[in-house]
Asker: 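Structure below; questions to follow.
Below, each value reflects all heavy atoms present in this structure, side chains not excepted, and no hydrogens, waters or symmetry copies. All chains are named by letter (A, B, ...) in the order of the sequence lines, taking the proteins before the strands, and each is independently numbered beginning at 1.
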Protein chains: 2
Amino acid sequence: MNEKTGKLKMTPQRIAIMDYLDGNTSHPSADDIFKAVSGRFPTMSFATVYNTLDALKSRGRVLELTIDPERKRYDPNTVSHHHLICVTCKKVVDIHKDYDIQVEKALTSDFEIIGKHIEFYGLCPVCQ
Amino acid sequence: MNEKTGKLKMTPQRIAIMDYLDGNTSHPSADDIFKAVSGRFPTMSFATVYNTLDALKSRGRVLELTIDPERKRYDPNTVSHHHLICVTCKKVVDIHKDYDIQVEKALTSDFEIIGKHIEFYGLCPVCQ
DNA sequence: GTACGTGCAAAGGTTTTGCATTACA
DNA sequence: TGTAATGCAAAACCTTTGCACGTAC
């Protein structure tokens, strides 16, 4: 992980990637992002996609999600929220709601809890 | 995914893998399992580890976890539970408690919710 | 005996890296 | 101008697969 937190050097490629991510709720993978921007930048490389994602991650502007066992997915929405995943088609929707869950001390193994993320599993309207 | 659900053919390799997993709360990766059993079976291969994990998964005897973005991890504890992950050293401990979370209809995008898994993030005693 | 598991090696998919070139600030 | 990003190719990882051989049942 790139630990830089200073100013982002803006390049046309980065602008294209950030434009694609801005407001995007599809939780794209690096490959999705690559496909989306390589139309406009035929020379776009994965190195640039991952480099930009690292830069955004280390600045807290993108979250790396673990909701898909096959590949990493990225979420430009950094407001704390949860995800509801269709177990059949893998569609993912956001759940914007804070659930206050207090874990009793006896269960924490002396960890200090600083956050949480809930994965809900279900069937989307199409797959039901 | 192997869809078989019948009887498991027991081989010495499978017994060794299942022995290693039984009661194991370290959430091992395929590589961890391979390392653990290849001492006793020098000819052990990843094909056998993954083959056995598929067989166990399809029979509901092991869960594939997505708590680690770098690799799949496996959990022989199939009782519904949650995980508390140290953001620094990545240690994972189980949280055995059922939290009843009702998602309001307006937020479900018409999904039918059938399960959930909570990832708690925190700092373990060592990393605090 | 036969269907299925094993083990090796090769391949597939995702992510990372080295390095020369380019370009933002 | 100097530092950092780009782009290409190769490599590193994790996981899957093909196939000949072996073994549990």
Side-chain angles (χ1 to χ4, degrees), chain A residues 1-21 27-59 61-75 90, chain B residues 1-21 27-59 61-75 90:
Chain A
M1 170 94 67
N2 182 346
E3 294 301 337
K4 287 210 51 164
T5 53
K7 199 165 177 307
L8 258 187
K9 183 180 283 190
M10 295 310 300
T11 65
Q13 293 88 341
R14 288 189 166 179
I15 292 169
I17 291 172
M18 291 166 68
D19 277 353
Y20 172 71
L21 288 175
H27 312 86
S29 65
D31 190 56
D32 293 332
I33 297 168
F34 174 79
K35 284 195 175 71
V37 293
S38 60
R40 210 181 328 165
F41 290 90
T43 62
M44 173 70 58
S45 72
F46 274 101
T48 296
V49 173
Y50 282 110
N51 174 8
T52 300
L53 287 171
D54 277 348
L56 294 173
K57 270 191 292 179
S58 66
R59 287 167 177 79
R61 297 179 57 171
V62 157
L63 294 176
E64 191 176 275
L65 303 181
T66 60
I67 53 179
D68 183 342
E70 308 312 322
R71 59 191 63 76
K72 294 176 184 171
R73 288 167 171 273
Y74 299 90
D75 193 338
K90 313 301 179 192
Chain B
M1 168 92 67
N2 180 346
E3 295 299 339
K4 286 210 51 163
T5 53
K7 198 166 176 308
L8 259 187
K9 184 179 283 191
M10 295 311 300
T11 64
Q13 292 87 340
R14 286 188 167 180
I15 293 170
I17 292 172
M18 291 166 69
D19 277 352
Y20 173 70
L21 288 175
H27 312 86
S29 65
D31 190 57
D32 293 332
I33 297 168
F34 175 80
K35 283 194 177 72
V37 294
S38 59
R40 209 180 330 164
F41 289 91
T43 61
M44 172 71 56
S45 73
F46 274 101
T48 296
V49 172
Y50 282 109
N51 174 6
T52 299
L53 286 171
D54 277 349
L56 294 172
K57 269 191 294 179
S58 66
R59 288 167 177 79
R61 298 179 56 171
V62 157
L63 294 176
E64 191 175 276
L65 303 182
T66 60
I67 53 179
D68 183 343
E70 308 312 321
R71 59 190 59 76
K72 295 175 182 170
R73 287 169 171 269
Y74 299 89
D75 194 339
K90 312 302 180 193

Asker: Taking side-chain contact (heavy atoms from CB on, under 4.5 Å) as the definition, give me every residue that meets it alongside Ala16(A), ordered by chain and number, with sequence neighbours left out.
Answerer: Val37(A), Arg40(A), Phe41(A)

Asker: So how far off straight is the helix from dG1(C)-dC25(D) to dA25(C)-dT1(D), going by the axes through five pairs at either end, to 10°?
Answerer: 40°

Asker: What is the distance, to the nearest angstrom, from the CD1 atom on Ile15(A) to the C1' atom on dT6(D)?
Answerer: 14 Å

Asker: Starting from P on dG5(C), measure out to CE on Met18(B) and report it in whole angstrom.
Answerer: 13 Å

Asker: Of all residues at least two apart in sequence or in a different chain, which pass the salt bridge (charged side-chain N to carboxylate O under 4.0 Å, His left out) check with Lys35(A)?
Answerer: Asp31(A)

Asker: Quick check on dG7(C): is either OP1 or OP2 less than 4.0 Å from any side-chain nitrogen or oxygen of Gln13(B)?
Answerer: yes

Asker: In whole Å, what is the span from the CZ atom of Phe34(B) to the P atom of dC13(D)?
Answerer: 15 Å

Asker: Taking atom P of dA5(D) as reference, at what distance in whole Å does atom CD1 of Ile17(A) sit?
Answerer: 12 Å

Asker: For Phe41(A) and dG7(D), give me the distance from atom CZ to atom P, rounded to whole Å.
Answerer: 8 Å

Asker: Between the main-chain N or O of Pro69(A) and the side-chain N or O of Thr66(B), is there a donor-acceptor pair closer than 3.5 Å?
Answerer: no

Asker: Report yes if the side chains of Leu53(B) and Ile33(B) come closer than 4.5 Å at any heavy-atom pair, otherwise no.
Answerer: yes

Asker: Please name all residues satisfying ring pair (Phe, Tyr, Trp, His ring centres under 6.0 Å) with Tyr20(B), sequence neighbours left out, ordered by chain then number.
Answerer: none

Asker: Under the side-chain contact (heavy atoms from CB on, under 4.5 Å) rule, collect the residues that match up with Ile15(A), sequence neighbours excluded.
Answerer: Met10(A), Asp19(A)

Asker: Run the ring pair (Phe, Tyr, Trp, His ring centres under 6.0 Å) test against Tyr50(B) and tell me which residues pass, sequence neighbours left out.
Answerer: none

Asker: To the nearest Å, give me how far apart CG (Leu56(A)) and P (dA4(D)) are.
Answerer: 17 Å

Asker: The criterion is salt bridge (charged side-chain N to carboxylate O under 4.0 Å, His left out); which residues satisfy it with Arg73(A), sequence neighbours excluded?
Answerer: Asp68(A)

Asker: Across nucleotides 14-25 of chain C, 5' to 3', mark each nucleotide with B, S or - according to how protein heavy atoms within less than 4.0 Å reach it.
Answerer: SBBB------BS

Asker: Looking at residues at least two apart in the chain, or sitting in another chain, which of them share a side-chain hydrogen bond (donor to acceptor under 3.5 Å, both in side chains) with Ser38(A)?
Answerer: none

Asker: Report the distance from atom CG of Asp32(B) to atom P of dC13(D), rounded to the nearest whole Å.
Answerer: 15 Å

Asker: Does dG5(C) have OP1 or OP2 under 4.0 Å away from a side-chain N or O of Thr48(B)?
Answerer: no

